[in-house]
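Data first, discussion second: the structure below is written as structure tokens.
Both counts, for ligands and for their atoms, begin at 1 and track the order of listing.
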Amino acid sequence: MIALEALSRVYRSDEVETTALNDIDLEIATGEFVAIMGPSGCGKSTLLNLLGTIDRATSGRYLFEGEDITRRDEAALARLRRDRLGFVFQSFNLIDDLTIEENVALGLAYRPGTGRRGAVAAAMDRVAIGHRARHFPHQLSGGQQQRAAIARAIVGEPQLILADEPTGNLDSENGGQVMDILGELNREGATVIMVTHSPAHADRARRVVHMLDGRIALSAQRAAA
Ligand SMILES: Nc1ncnc2c1ncn2[C@@H]1O[C@H](COP(=O)(O)OP(=O)(O)O)[C@@H](O)[C@H]1O
Ligand SMILES: [Mg+2]
């Protein structure tokens, strides 16, 4: 599904240059569940943002389904994100003054209207948040908010789910529920790439990619459970 070739991302400000990703080669096949681990600042979020096309490489190539999308224009990348990708963040990123239902519908932004309501309801039921459809984010627990954010990510039935520390703000019970949902989505065919600091949660993935200083230090395939 994905191939990164000699991918680098350098942040430049007035005086300082930070190499967040340094010459990354990485392949991810359709249907994989990959955990990305490594110390704070090693480039995990930068890598996930590049995979999600919300950031661009400084050099190197990004192939998605065999197509070089490294220099695609922003409109084409926006379509790719809308049609094929789902994002989950550590801090949920729900919009405070929209209801849960309206937040989930954002995951269908700009798609034709038919079937929208049914898709939104199905996504909410999927993560057991349907009974909170008319609530606002602040009326929900952290675990419920993250489940709503997952509903928003999956309502468009993405092929690839990118999750940046999705359990980082949750207690172990709610974190476990989020991991159960991600595992289930993966078993149903979605490719999942997840950043985590939790060894227990990384254990759910079939492959763990360890990063250090902008490089991939180790990519370890796990035996089938
Ligand atoms: N917008 C930015 N401008 C400058 N430097 C950045 C920016 N975002 C991240 N960095 C730097 O890039 C490196 C990798 O950051 P990040 O990918 O967020 O790490 P991680 O997610 O592993 O904690 C860090 O040194 C960080 O300070
Ligand atoms: Mg990060």
Side-chain angles (χ1 to χ4, degrees), residues 2-28 32-64 69-72 74 77-78 80-81 85-94 142-143 145-147 149-150 152-153 158 160-172 174-176 178-179 181-182 186 191-220:
I2 284 170
L4 305 181
E5 299 176 355
L7 204 80
S8 293
R9 175 66 167 102
V10 180
Y11 291 109
R12 291 194 179 88
S13 58
D14 299 339
E15 303 284 296
V16 224
E17 204 170 85
T18 308
T19 303
L21 294 179
N22 191 350
D23 208 21
I24 299 262
D25 292 310
L26 181 65
E27 287 191 15
I28 293 170
E32 275 202 86
F33 188 160
V34 178
I36 299 172
M37 300 191 81
S40 183
C42 72
K44 304 180 299 295
S45 293
T46 303
L47 176 61
L48 220 66
N49 291 342
L50 277 160
L51 289 168
T53 76
I54 46 187
D55 188 18
R56 280 178 193 271
T58 310
S59 61
R61 295 211 304 163
Y62 179 5
L63 307 181
F64 190 92
I69 60 166
T70 320
R71 270 162 269 285
R72 283 274 190 83
E74 186 48 41
L77 294 179
L80 175 89
R81 289 193 293 271
L85 309 188
F87 295 88
V88 182
F89 302 93
Q90 177 173 5
S91 49
F92 322 139
N93 293 8
L94 297 168
Q145 288 186 53
Q146 190 61 303
R147 297 208 308 275
I150 293 174
R152 179 185 56 191
L160 174 61
I161 296 169
L162 298 163
D164 195 349
E165 301 191 38
T167 64
N169 285 352
L170 302 179
D171 60 34
S172 64
N174 284 294
V178 163
M179 290 308 305
I181 293 167
L182 291 175
N186 174 249
T191 306
V192 178
I193 307 175
M194 170 189 75
V195 171
T196 184
H197 285 293
S198 159
H201 292 172
D203 268 355
R204 308 271 196 118
R206 291 294 303 278
R207 174 153 62 125
V208 183
V209 171
H210 295 270
M211 293 183 67
L212 196 61
D213 292 338
R215 293 177 182 274
I216 291 176
L218 179 70
S219 175

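The contact shell of ligand 1, taken as protein residues with any non-hydrogen atom closer than 4.0 angstrom, comprises Y11, T18, A20, P39, S40, G41, C42, G43, K44, S45, T46.
Here the side chain of S219 pairs no donor or acceptor atom with the backbone of V209 at under 3.5 angstrom. With D25 contributing its side chain and A6 its backbone, the two residues share a donor-acceptor pair below 3.5 Å. With hydrogens and angles ignored, the 3.5 Å screen pairs no side-chain donor or acceptor of K44 with any backbone N or O of H210. Side chain of R147 to main chain of I181: no donor-acceptor pair is present (N/O by atom type, distance under 3.5 Å, no hydrogens or angles). Checked by atom type and distance alone, the side chain of T19 never pairs as donor or acceptor with a backbone atom of V10 at under 3.5 Å. Formation of a donor-acceptor pair under 3.5 Å by the T196 side chain with backbone atoms of S198 is found in this model. With hydrogens and angles ignored, the 3.5 Å screen pairs no side-chain donor or acceptor of E5 with any backbone N or O of I24.
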Considering only distance and modelled atom types, tabulate donor-acceptor pairs under 3.5 Å from the side chains of residues 162-171, sequence neighbours left out.
from : atom 1 : to   : atom 2 : distance (Å)
D164 : OD2    : S45  : OG     : 2.6
E165 : OE2    : H197 : NE2    : 3.4
T167 : OG1    : H201 : ND1    : 3.0
N169 : OD1    : Q90  : NE2    : 3.1
N169 : ND2    : Q90  : O      : 3.3
D171 : OD1    : E173 : N      : 3.2
D171 : OD1    : N174 : N      : 2.8
D171 : OD1    : N174 : ND2    : 3.1
D171 : OD2    : N174 : ND2    : 3.3

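Applying the side-chain contact (heavy atoms from CB on, under 4.5 Å) test to I54 and every residue at least two apart in sequence or in another chain returns N49, R81, F87.
Listing protein N, O or S atoms at distances below 2.8 Å from the Mg ion (ligand 2), with waters left out, gives S45 OG.
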